[in-house]
Amino acid sequence: MVGVTGPPGTGKSTLVDRLIESYRALGLRVGVVAVDPSSPFTGGALLGDRIRMTKHTGDRGVFIRSMASRGWTGGLSRATSQAIRLIDAAGFDVVLLETVGIGQSDVEVVGVSHAVLVVLMPGLGDDVQASKAGLMEVGDVYVVNKADLEGADAMVVNLLSLFRGGLRSPPVLKVSALAGEGVETLRKAIDQSRSKLASGDQGLRLRSIRGMIVETARGAAMARFASVSEAKAGRLAEQVLAGRLSLEEAAARLVR
Ligand SMILES: Nc1nc2c(ncn2[C@@H]2O[C@H](COP(=O)(O)OP(=O)(O)OP(=O)(O)O)[C@@H](O)[C@H]2O)c(=O)[nH]1
Ligand SMILES: [Mg+2]
């Protein structure tokens, strides 16, 4: 199972389509489950997925199932889990699971995936860093898609600098799904990650989930801090101004 996640519109479906081609060229059978955030009746994106992937209809080596995630509350919906199990049982060689990166759902994807692909694009910049727990934690491979657009190199540099000094240094690859550029390199990186996990290296998984716990806790602490501190900080400032309190002591009291 390969999880493909990332913010809306970064080109996940287009890339999945390319990966299907790549695996089919190797003679492997591919199953795809695309979890769409919008309802099947009103969502344009779902329709988009269907249209994009119609070129595989008639290919018995490809099975695609789109499902709405309305009511997705952080767990893979039962329908999604069933679809995944079905595809697994049917003996597909590769299963791709596309979801929009929305915090908690990523944890679920990490839990069931042998490789997690985080698909980003130029111009996301700080949004990515600030993104909820945590696109920066879940990926085994990072893709800067739409490399044909300006800012792709800057985005790569940005990502690499985020990982520098950290515990992990996942590959960061430039891809243009539209043009089909960089897809083979990406496929190899995915397979490398899959085989690592298949050989029992759960450490990677544990590390990324640990990172997500820390990020989630940090987010919760910051939220709590922000909601209680304003008035108190004002009162402490008056005391500091009056010379009754040092800055350090005021800060310590603020978080107490
Ligand atoms: N310029 C450029 N556009 C791309 C590339 N890949 C995808 N796109 C375009 O980006 C738009 C979104 O692509 P999708 O594949 O639907 O993106 P997605 O991440 O699946 O979107 P959601 O499922 O709605 O989150 C489409 O208009 C694609 O044609 C690329 O490599 N370069
Ligand atoms: Mg999509």
Side-chain angles (χ1 to χ4, degrees), residues 1-23 30-57 62-72 76-77 79-80 83-84 87 94-106 108-109 113 115-125 127-128 131-132 135-136 138-139 141-156 159 171-187 189-190:
M1 167 85 78
V2 179
V4 180
T5 190
T10 53
K12 297 177 293 295
S13 299
T14 313
L15 192 58
V16 163
D17 204 35
R18 289 293 183 188
L19 289 171
I20 294 174
E21 287 171 9
S22 180
Y23 282 115
V30 188
V32 177
V33 179
V35 181
D36 197 278
S38 44
S39 119
F41 303 108
T42 60
L46 184 75
L47 198 59
D49 284 347
R50 289 230 168 106
I51 289 167
R52 250 192 302 285
M53 292 178 183
T54 44
K55 68 174 172 225
H56 302 291
T57 46
V62 179
F63 177 87
I64 298 171
R65 184 91 161 82
S66 278
M67 34 213 352
S69 68
R70 214 171 29 182
W72 177 305
L76 287 175
S77 73
T80 307
I84 292 168
I87 292 175
V94 184
V95 182
L96 303 168
L97 169 65
E98 179 192 335
T99 63
V100 174
I102 38 171
Q104 180 63 29
S105 68
D106 290 317
E108 307 293 331
V109 175
S113 297
V116 176
L117 209 67
V118 173
V119 184
L120 305 167
M121 65 182 192
L124 289 177
D127 291 354
V128 171
S131 85
K132 45 261 157 186
L135 288 179
M136 298 317 294
V138 297
V141 180
Y142 285 78
V143 174
V144 175
N145 187 38
K146 310 197 186 183
D148 51 293
L149 300 183
E150 207 169 314
D153 287 319
M155 186 77 194
V156 170
L159 289 174
V172 177
L173 304 173
K174 269 200 310 183
V175 172
S176 174
L178 212 55
E181 275 159 24
V183 177
E184 280 310 294
T185 309
L186 170 62
R187 204 253 313 140
I190 293 171

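Counting convention: from 1, in listed order, for ligands and their atoms alike.
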Do any nitrogen or oxygen atoms of Ala147 lie less than 3.5 angstrom from nitrogen or oxygen atoms of ligand 1? no

Which residue in the set Val156, Val118, Val116 passes side-chain contact (heavy atoms from CB on, under 4.5 Å) when paired with Tyr142? Val118

For Val141, all residues meeting side-chain contact (heavy atoms from CB on, under 4.5 Å), sequence neighbours excluded: Leu117, Pro171, Leu173, Leu186, Ala189

Just how far is it from atom CE of Met121 to atom NZ of Lys12, taken to the nearest 0.5 Å? 9.0 Å

Can you check whether Pro7 has an N/O within less than 3.5 Å of an N/O in ligand 1? no

What I want to know is whether Leu178 and ligand 1 share at least one N or O pair that is separated by under 3.5 angstrom. yes

Where Ser13 and Glu98 come nearest, the two heavy atoms and their spacing: OG-OE1, 2.7 Å

When rounded to the nearest 0.5 angstrom, what distance separates CE in Met1 from CD1 in Ile87? 8.0 Å

Just give me the atom name: the N, O or S atom of Glu98 closest to the Mg ion (ligand 2). OE2

Please classify the Asn145 to ligand 1 contact at 4.0 Å (heavy-atom distances, strictly less than): side chain, backbone, both or neither. side chain

Applying a heavy-atom cut-off of 4.0 Å, say which part of Thr10 lies close to ligand 1: side chain, backbone, both or neither. both

From the Mg ion (ligand 2) out to just under 2.8 Å, does an N/O/S atom of Thr14 turn up? no

Among side-chain atoms of Ser176 and Asp148, is any donor-acceptor pair under 3.5 angstrom? yes

Using a 4.0 Å cut-off to any heavy atom of Ser13, which atoms of ligand 1 qualify? 15 (O), 18 (P), 20 (O)

Residues forming a side-chain hydrogen bond (donor to acceptor under 3.5 Å, both in side chains) with Glu21, sequence neighbours excluded: Arg18, Lys55

Going by heavy-atom distance to atom 15 (O) of ligand 1, choose the closest among Val4, Leu15, Thr14. Thr14

Tell me whether Glu98 reaches ligand 1 (any heavy atom closer than 4.0 angstrom to a ligand atom). yes

Thr99 side chain to Thr5 main-chain N or O, any donor-acceptor pair under 3.5 Å? no

Residue-level breakdown please: for Leu149 versus ligand 1, do any non-hydrogen atoms fall below 4.0 Å on the side chain, on the backbone, on both, or on neither? side chain

